Amino acid sequence: MDNRPLLEHADNSAADLGTEGQSKNTSRLKTTVQPLIMVLLALYMFLVGLSLISTGMKVLSGPALDRFFQEIKEDPLQGLATGILVTVLVQSSSTTSSIVVVLAALGKITVNDGIPVIMGANIGTSISSTLMALAHSQSDDKREFPRAFSGAVVSDVFNILGVFVFFPLHLLFKLFFNGKGFFELITGLFVDPNSQKSGTKIPNVVKVATGPIADLVLKINKDVYTVLSGPGMPELGVTETVQNKFGIDYNIGQNRTRLAVAQKIYNEKIAEASLIKGGLMKAVGASNAVGGALCLVIAIGIVIWALLQLVASLKKLLLGGAQKALHDSLDMNDYVAILIGILMTFAVQSSSITTSTLVPLVAIGALKVEKSLPMCIGANIGTCGTSLIAASATDDPATGVQIALVHLTFNICTFLLWFPVKRMRQVPVDIALEFGRACAVNRKIPVMYLCYCYILAPAIIFGAGIHESPVFGIVAFTVLFAIPIGLWTKYLRPVKLGYGVFELEPENDADVELLPGRGRNSWAATEEK
């Protein structure tokens, strides 16, 4: 009996199985491994871009940002606006709070001067999430952009609600407690005025990781910048002991000879020195202004590419079963999510990274808006860890630590007010969902929100602080509140009237899900249908 046909059939079957196995492996590589690599690469380049924005702004402005802080004394409105604007510019609330900690430790500003700045930094840091949401604006899925916007706004709304409550409370306490605000009184209970300087220092994980690439574009001269932004030009009457690598003596007192020597060294080695130490900008011989500006242009290009690539790769990675598995893993206890947010943010030392990473997950439906809030709260608390440790290494650790404790106490108090009670917790979530519905009506709403919250509103607040005229203040705050009320009347209020305002009568559940909170399980992931 000839068994060759059977053997040939078996060989063909084995070959088919082998081909099928190779096909599955190739498919898995394309749908899982490659997108995962691109997600990690895009996230890394996003961090590089943010790092370059911070470096570019420091070089471009020199010590101007730090000097700017010193002009806000006794004016909480200017302090609040400054915290927002500076954090938006440097893309890091940690940088803003660190500047405040250093200036307070040097005696340039008081604890009370720094409190409004810390509150403003908490608002300004949310701009990274909003920028991440804008990357979803060109998606073919009509639900994706409104969901992304809601996911970005929820953290900002939570922080703004905290400022709305505790900023007036801070001013009220100053009236009745000899000029001491609410948070200054609380944190003063935990600070030892005789505490000694500690050498404790932790490495910034993000800077260590992104430094080699970022330095290829522009490496800042940290030694020069530290002196420029800290003690500055030596002056008569100063009796500080400031460590620096240039031999500048700041223990001047009334000794004019010592002052002349110190100022000569400062002018030669600091005032006339370049802030650009290495990288491409150093190679082309760029000045501080040109190098800083070019660095910003390159950084913005990197951030835009990274955001678009991150969104596209996450979509590929989270199709099908992967999305459901991720959704299930993120559906955890709220307080566990807060703890994870704290640990993640402390590890990377940036709340912007944590909150920005959540936005694409909300956009594709893998994470609900109400489930992203606890991790955002954890990010707010976790970002205070770095400033606490850094403050203990300043020359005046008591003042530095107190400012850092203000940041921590503000975030904890906001959490205790708005989160434990379910009805209170739902307020920022509902407001964020309303913004998402408005975005579904008019896709320009996120841009309007971005310009108002991070540019126009702080500019109006800052202007109200500069002008002492009560008439100007009344007009400024009338405009400040008239703009959002007008936008709410035009875009948000009609959403509550029904689906007809959308010019889109929902034919099925997929269309209903265009409206956050209107669909099944409030924008729940589609796999639950």
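Worth saying up front: this structure is predicted, and the values here are computed from it rather than measured.
- Scanning all heavy atoms of the two residues, the minimum distance from Ser356 to Pro360 falls at O-CD, 3.1 Å.
- A heavy-atom distance below 4.5 Å is found between the side chains of Leu52 and Cys295.
- Among Thr383, Asn380, Thr355, Ile340, the one residue that satisfies the side-chain contact (heavy atoms from CB on, under 4.5 Å) test with Thr345 is Thr383.
- Looking only at atom types and distance, the side chain of Asp113 has a donor-acceptor partner in the side chain of Thr110 under 3.5 Å away.
- Across all their heavy atoms, Thr87 and Gly124 have their closest contact at CG2-C, 3.7 Å.
- Pro374 and Ile338 get closest at one heavy-atom pair: O-CG1, 3.3 Å.
- If you look at Phe166 and Phe183, their ring centroids are closer than 6.0 Å.
- Tyr449 is not listed as a side-chain neighbour of Cys439, based on a closest heavy-atom distance of 4.5 Å or more.
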Derivation of the side chain to side chain contact (heavy atoms under 4.5 Å, CB included) call for Tyr452 and Leu480: CA-CA 9 Å; Tyr452 176 77; Leu480 182 69; 3.5 Å; yes

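- Here the side chains of Asn411 and Phe415 are not in contact, with every heavy-atom distance at 4.5 Å or above.
- For the atom pair CG (Asn178) and NZ (Lys180), the distance works out to 8.0 Å, reported to the nearest 0.5 Å.
- Note that CD of Glu184 and CG of Asn112 are 4.0 Å apart. Values are rounded to the nearest 0.5 Å.
- Between Arg437 and Glu434 there is a salt bridge, since a side-chain N of the basic residue sits under 4.0 Å from a carboxylate O of the acidic one.
- When the side-chain contact (heavy atoms from CB on, under 4.5 Å) test is applied to Leu416, the partners found at least two apart in sequence or on another chain are Ile412.
- Side-chain atoms of Asp334 and Lys371, non-hydrogen and from C-beta on, do get closer than 4.5 Å to each other.
- The two residues Ala148 and Ala363 make their nearest non-hydrogen contact at CB-CB, 3.6 Å.
- In this structure, CZ on Phe149 lies 6.0 Å from CZ on Phe435, to the nearest 0.5 angstrom.
- Put simply, OG on Ser128 and CG on Asp156 are 10.5 Å apart, with the number rounded to the nearest 0.5 Å.
- Note that the NE2 atom of His170 and the CG atom of Leu172 stand 11.0 Å from one another [nearest 0.5 Å].
- Between Ile381 and Leu408, the closest side-chain pair of non-hydrogen atoms falls below 4.5 Å.
- Looking only at side-chain heavy atoms (C-beta outward), Glu370 and Leu373 stay at 4.5 Å or farther from each other.
- Contact annotation: the side chain of Phe173 approaches that of Leu169 to within less than 4.5 Å [non-hydrogen atoms, C-beta and beyond].
- The closest donor-acceptor contact from the side chain of Asn442 to the backbone of Ala438 lies at 3.5 Å or more, if one exists at all.
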Apply the test side chain to side chain contact (heavy atoms under 4.5 Å, CB included) to residues Phe167 and Leu77: give CA-CA distance (whole Å), side-chain angles for both, the deciding distance (0.1 Å), then the verdict. CA-CA 10 Å; Phe167 184 71; Leu77 288 177; 4.0 Å; yes

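- Ring pair Phe419/Tyr335: centre-to-centre distance below 6.0 Å.
- Taking each heavy atom of Phe145 and Pro446 in turn, the nearest pair found is CZ-CG, 3.5 Å.
- Using a 4.5 Å heavy-atom threshold, the side chains of Met119 and Asn122 count as separate.
- Remark: Leu450 CG to Leu134 CG distance equals 6.0 Å, nearest 0.5 Å.
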